[in-house]
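Written out below as structure tokens is the structure these notes cover.
Everything numeric here is computed off the predicted structure, so don't read it as measured data.
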Amino acid sequence: MSYLVMALKYRPQVFEEIVGQDHITITLINAIKSKRIAHSYLFAGPRGTGKTTTARILAKSLNCAEGITPIPCNICDSCKEINLGKSIDVFEMDAASKSKVDDIRELIIEGVKYSPVRGKYKIYIIDEVQMLSPSAFDALLKTIEEPPKNVVFVFATTEPHEIPPTILSRCQRFDFRRVPFSDLVMTIEKIALKEKIKIKEDAVFILARKADGSVRDALSLLDQVIAYGGKEIEKEVVEKILGIVDQQTLFELTDIIAKKDAQKGLALLSQLIDSGVDIQDFAKGFLDHLRNLLIAKVQKGSFETQAEQRLFDLSKEYIEKYKKESEKFSDTDILRMINIVADSAYILKRTSEPRVHLEIALMKMIKMEKNVLLEDVIHKLDYLFSGGLKKESENKSKDRHIEKLEKNGFSSKKADLSNLTEELSQKSSSSLNLDDIKSGWEHVLEWVKKSKVSLWPCLVEGKLASFEDGFINLLFYNGRQFHKQQLEKKDNFKLVQKALEQVYGSSVPIKFTLDTTKNAPSKNPRIKSNFDKEKIIQKDPLIKSLLENFEGEITEE
């Protein structure tokens, strides 16, 4: 007996054997049990999801020798003939080869006039029905709408949007879905067990991903790798025969991007292309790899539940690898890489130089800078314009001088801070005075600077005005409202309080006050502190827009 491919050998023979289409099989079973048989059905969905197989099982259920039953016996003459495609009451027609109106008239319109020979129903199964010509569809209209009682039509299509609405409205429509990844894995493992094939879990996962929701494709691929690898199938065998880049190489590539090693990245890409990897398949595989990275980055769970694991379609070992690898990137960086690869994949299908475009995409990812929050940029700009850069340079010069002194045996500033904190901590907050506060204030500024550099310029602008009733009063002049507001924010205020506690050894409360009667002293004697704000706003509409959008104010001209 000639060899029978697995897609035909293990073709479902009853509704319960159909994989991943429970919403359809349960409906049909209940309809058959209650004898609510429609005169026309439309089965729509991707390839290899069971449309034609379901149509044949429906035909057997209606014409089985045991009568109308949801479970055909598959041993009677009627069931056997339908399985072999030789039933005189079940007509299977390929609309791709017989699409003309004459074919419809000859095979269907004339045929429905006669009663079924053996079974109870005469059933017409038309595959790829969207290929029929407009005139052929028109010829079918009346027959589909008012067929004889013993006639059932089943139309199968992968492109339901191309079928005229007049036909669609006369059919019960069932949409077949892509078979879930977990169901494909289970089907491959079950059939491999029946065939006494030892196949690794990673190899099964690759086949299931490559099948892309199609049971037929999964079994065809399994047939192919068995022919190459024999009775024991390793992951490497599947990758080699299908031309798939192994997962470890994709991890290596993202690691190169994280390290920004352009030379090593181009070398790896060249090695892959020279090994015969299809560039478009590689781009698609890398896109899936980045998608897994993104899910690992944004998903906060431990991926222990089945629902969480389904997000990956991978073994637990690789899920852990993705979680670790995702720590090298921010979620926005991964999104930017996905956009780069997606755009490149679109171009690769249409260009005569795919290698060049793939290399360009890789270089874009390696050279791209990290994302920066707008809030951080605003703080940095405020820091620069407030003279912080100059002060920071002076402080660095002082730090270098201190380091030089330390090498010669002199005590450091850190030691002074430790001694000061120990000295001040011996006093209670009520016994501290303004001189104590002033003696430690530089250390407070230094502590805030190290903890949050963007907040340091705001604190520098304040003036130690007084220390009364246990409260430090930090005064801000007119024109420094922004700095005061930043310090009063909840998180910033807590940070300042912590700095005070670190330096003074106890919790010392602080308040910020604003003196609107005095303008802040100008940092440049050539800049005028007295100016007309309204005049400036009227002169330059851009300044007005900036003030409105960023809720700012003019402090100096």
Which residue pairs pass the salt bridge (Lys or Arg N to Asp or Glu O under 4.0 Å) test when at least one of the two sits in [range], sequence neighbours left out?
range            : result
residues 221-232 : none
residues 247-258 : D255-K259, D255-K328
residues 3-28    : K9-E195
residues 345-360 : D274-R355, R355-E359

For [X], look at atom [atom1] and say whether over 12 heavy atoms of other residues, nucleotides or ligands are found less than 6.0 Å away.
X    : atom1 : value
Q271 : CD    : no
K484 : NZ    : yes
F493 : CZ    : yes
K235 : NZ    : yes
M363 : CE    : yes
K200 : NZ    : no

Side chain to side chain contact (heavy atoms under 4.5 Å, CB included) evaluation trace for I366 with D261 = CA-CA 7 Å; I366 290 175; D261 191 341; over 6 Å; no
Working to the nearest 0.5 angstrom, can you tell me the gap between [X] [atom1] and [Y] [atom2]?
X    : Y    : atom1 : atom2 : answer
H483 : E461 : NE2   : CD    : 4.5 Å
I167 : L132 : CD1   : CG    : 8.5 Å
M337 : H289 : CE    : NE2   : 8.0 Å
E189 : E201 : CD    : CD    : 7.0 Å

Do the non-hydrogen side-chain atoms of [X] and [Y] ever get within less than 4.5 Å of each other?
X    : Y    : result
I199 : L207 : yes
D212 : D217 : no
L474 : W441 : yes
L287 : K284 : no
L495 : W447 : yes
F174 : T25  : no
K498 : K494 : no
M365 : V341 : yes

Should the ring pair Y322 and F251 be called parallel, tilted or perpendicular, given that the plane angle runs from 0 to 90° and is split at 30 and 60?
-> tilted
Take Y10 and T187 through the side chain to side chain contact (heavy atoms under 4.5 Å, CB included) test and state the conclusion after the steps.
-> CA-CA 10 Å; Y10 294 101; T187 301; over 6 Å; no
Nearest heavy-atom neighbours spanning [X] and [Y]:
X    : Y    : result
I197 : G230 : CD1-O, 4.2 Å
P46  : K51  : O-NZ, 2.8 Å
L168 : I163 : CD1-O, 3.7 Å
I125 : R56  : CD1-N, 4.2 Å
L219 : A7   : CD1-CA, 3.9 Å
L290 : I334 : O-CG2, 3.6 Å

Can you list the residues that meet the side-chain contact (heavy atoms from CB on, under 4.5 Å) rule with V277, with sequence neighbours excluded?
-> V245, S275, F282
Please identify each residue that fulfils side-chain contact (heavy atoms from CB on, under 4.5 Å) with E236, with sequence neighbours left out.
-> E234
Any side-chain donor paired with an acceptor under 3.5 Å for Q21 and T54?
-> no
Can Q486 and E488 be counted as having a side-chain donor-acceptor contact under 3.5 angstrom?
-> no
Are D175 and R177 ion-paired here, with the side-chain N under 4.0 Å from a carboxylate O?
-> no
